[in-house]
Amino acid sequence: MEKVRVRFAPSPTGPLHIGGARSALFNYLIARKYKGEMVLRIEDTDLERSSKESEENIFSSLKWLGIDWDEGPDIGGKFAPYRQTERLDIYTKYAQQLIENGQAFYCFCSEEELEKDRQEAMAKGETPKYSGRCRNLTEEQRQKFLAEGRKPVVRFKVPETGEVVIEDLVRGTVRFENEGIGDFVIVKSDGIPTYNFAVVIDDHLMEISHVVRAEEHLSNTPRQILIYEAFGWEKPVFAHISLILGKDKTKMSKRHGATSVVQYRELGYLPEAVVNFLALLGWSPQEEEEIFTMEELIQKFSLDRVAKNPAVFDMEKLRWINGYYIRHTSIERLTELAIPILEKAGYLPSELTEKEYEWVKLIVTAVQEKLHSLNEILDYMPIFTGEKVELENEEAKAVLEEEQVPQVIELLRTKLAEMHTLEPEGVKKALKEIVKESKLGGRKVYMPIRVALTGQMHGPELYYIIPVLGKELIEKRLANTLHK
RNA sequence: GGCGCGUUGGAGAAGCGGCUUAACUCACCAGCCUUUCACGCUGGCAUUCACGGGUUCGAAUCCCGUACGCGUCACCA
């Protein structure tokens, strides 16, 4: 088998979309699995919408996910350049070749003319398709148009009969009649090639062996194959992966929530969780496990287990996966990730003291098992900060009215006073002693303390909450809740 | 409208002619663990695979039609 060379070829017209990230991931997994090469190519031929900023976003999003590439605009490679706007002369050369061979032609039709054709075809109930008007212009006509100042586009001459058969790795055999394909534009009037033309030239020149991309490109594929055939080039293997749909089964869009990789990053998702989730979007493992590291994915991934049916973006599942990774990563890492979130929310200054860092670390330890995304830590912050405590409901109020409460609180005060510093292990021990000495049992001791300190019936372990609060805050809170 | 693709439980998703009385995961319910919540563990949760025909000894799996959804028909990628 020849060397596997795959590519991810986004157009830099916005932040990296979750669907794009999934295409990039699949390509990356294939490249690594078969010890091939991954090419990153920037398709920036849409001058209007492309931006450097989007390009930067694509680079950083991919890196964040842990996807890297062997050749690309930032690192170069033997087929450089990797930005289409830097390859314009190459496309011109090949377009010229097609024109000379009679496989492409200049078209001078104006937008108005084309629109009129379209309307007429629609009115007659026909498929709108290029009329072929400029297919056989004489040299004279051409000069006349040029003299009028018209800027031509170059159109590919599509054979009028025959069909294009695609042997797609995930979709099987798909056929398209040539008849349904009009002569399409390959070079715009400003001299920039269109997508359908540039991809083919680049994929061929860059020796891409497998084109793995989203299903929306499936109906473009016959046009591209026609170009391969016009040049007599060997075609790559195609694999069109299904679209990503939202919960309502329509194409994933802003309406469904976050759609870009950066958004997930900002919402407190871990890159390995996003990668794991993305891999499951359209692909399924043979075994029962669903949690995989990048290494495992590289080992297990294969295109023949990629499904044809559309992949539905299940936010609940992403949350669950993210929660899993949060529970299984280190406190140090979570602390580092939590700091900017807490800073932004005003819980921390921009420069941290050792003491503040330790404080965050304790909070993170306390809530680690409860989080599904890092920013959920903010939901727990009222437990750890502020002097005032709101009793959450009547039930909580009732807990504080139980008869053993004064005794429990007194014991707590005594125990805490005996301790020089509050740390989880010591507090845990002290609490157990209270249970033992009072002979009241767990619930009657823990629940009043919990409610008195936090106002809530549920929450993280008390032996974490107490050290986080510190003696001073504890006194203030006790005073606050008990004298109401 | 033409062309192309899809349709399995509350949700995601395997299975692609007999081994399926339809995996697995999430959610949900019950029990256990536990000071609470959460985590973890155990068990329960589709007689049925959009619908209607057909092929076959046998169909979720193959064929045809209908419905619904999605994609695409650009000088966007």
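Each chain gets a letter, A, B and so on, in the order the sequences are listed, and its residues count up from 1.
Atoms CD1 (A/Ile166) and C1' (B/C3) sit 12 Å apart, rounded to a whole Å. Distance A/Asn309 CG to B/G12 P: 10 Å, rounded to the nearest Å. Between the CZ atom of A/Phe184 and the P atom of B/A77 there is a distance of 13 Å, given to the nearest Å. Separating the CD atom of A/Glu287 from the P atom of B/A23 is a distance of 18 Å, rounded to the nearest angstrom. Between A/Ile42 atom CD1 and B/A77 atom C1' there is a gap of 12 Å when expressed in whole angstrom units.
Of the candidate nucleotides B/C5, B/A38, B/G12, B/A38 has the atom nearest to the side chain of A/Glu369. The side chain of A/Lys317 lies closest to B/G12 when the candidates are B/G12, B/A14, B/G4. Closest contact between the side chain of A/Phe176 and the listed nucleotides B/C3, B/A14, B/C5 involves B/C3. Ranking B/A11, B/C5, B/A14 by closeness to the A/Arg305 side chain, first place goes to B/A14. Taking only side-chain atoms of A/Ser11, from C-beta outward, the nucleotide of B/C5, B/A77, B/G40 with the closest atom is B/A77.
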- Which parts of nucleotides 64-75 of chain B does protein reach within less than 4.0 Å, heavy atoms only, written one letter per nucleotide 5' to 3' as B for base, S for sugar-phosphate only and - for none? -----SSSS--B
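Of the candidates A/Ser11, A/Pro10, A/Pro12, A/Pro12 is the only one forming a side chain to side chain contact (heavy atoms under 4.5 Å, CB included) with A/Glu55.
Nucleotide B/A59 is matched to nothing when pairs are restricted to Watson-Crick or G-U wobble geometry with both distances under 3.5 angstrom. Pairing of B/U35, defined by two Watson-Crick or G-U wobble distances under 3.5 Å, is not identified with any nucleotide.
Taking a cutoff of 4.0 Å between a charged side-chain nitrogen and a carboxylate oxygen, A/Lys428 and A/Glu461 do not qualify as a salt bridge. Contact check on A/Glu433 versus A/Lys436 returns no salt bridge, with no Lys/Arg side-chain nitrogen under 4.0 Å from an Asp/Glu carboxylate oxygen.
In this pair, A/Tyr269 and A/Tyr264 present their aromatic rings perpendicular. The plane angle is above 60°, beyond the 30 to 60° band.
By the 6.0 Å and 45° rule, A/Lys235 does not stack over the aromatic ring of A/Tyr228. A cation-pi contact, defined as under 6.0 Å to the ring centre and within 45° of the axis, links A/Arg155 to A/Tyr130. Under a cutoff of 6.0 Å and an axis angle of 45°, A/Arg22 and A/Phe26 form a cation-pi pair.
With sequence neighbours excluded, no residue forms a ring pair (Phe, Tyr, Trp, His ring centres under 6.0 Å) with A/Tyr446.
Phosphate contact (OP1/OP2 of B/C5, side-chain N/O of A/Arg175, threshold under 4.0 Å): absent.
Only the C1' atoms considered, B/C64 is 24 Å distant from B/G18, to the nearest whole Å. A gap of 22 Å separates the P atoms of B/A30 and B/U47, to the nearest Å. With C1' as the reference atom, B/A77 and B/G71 are 15 Å apart, rounded to whole Å.
Among the protein residues, A/Glu290 comes within range of the nucleic acid bases, having at least one heavy atom under 4.0 Å from a base atom.
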Pairs: protein N or O with nucleotides 32-35 of chain B N or O, under 3.5 Å:
| residue | atom | partner | partner atom | Å |
| --- | --- | --- | --- | --- |
| B/U35 | O4 | A/Glu461 | OE1 | 2.4 |

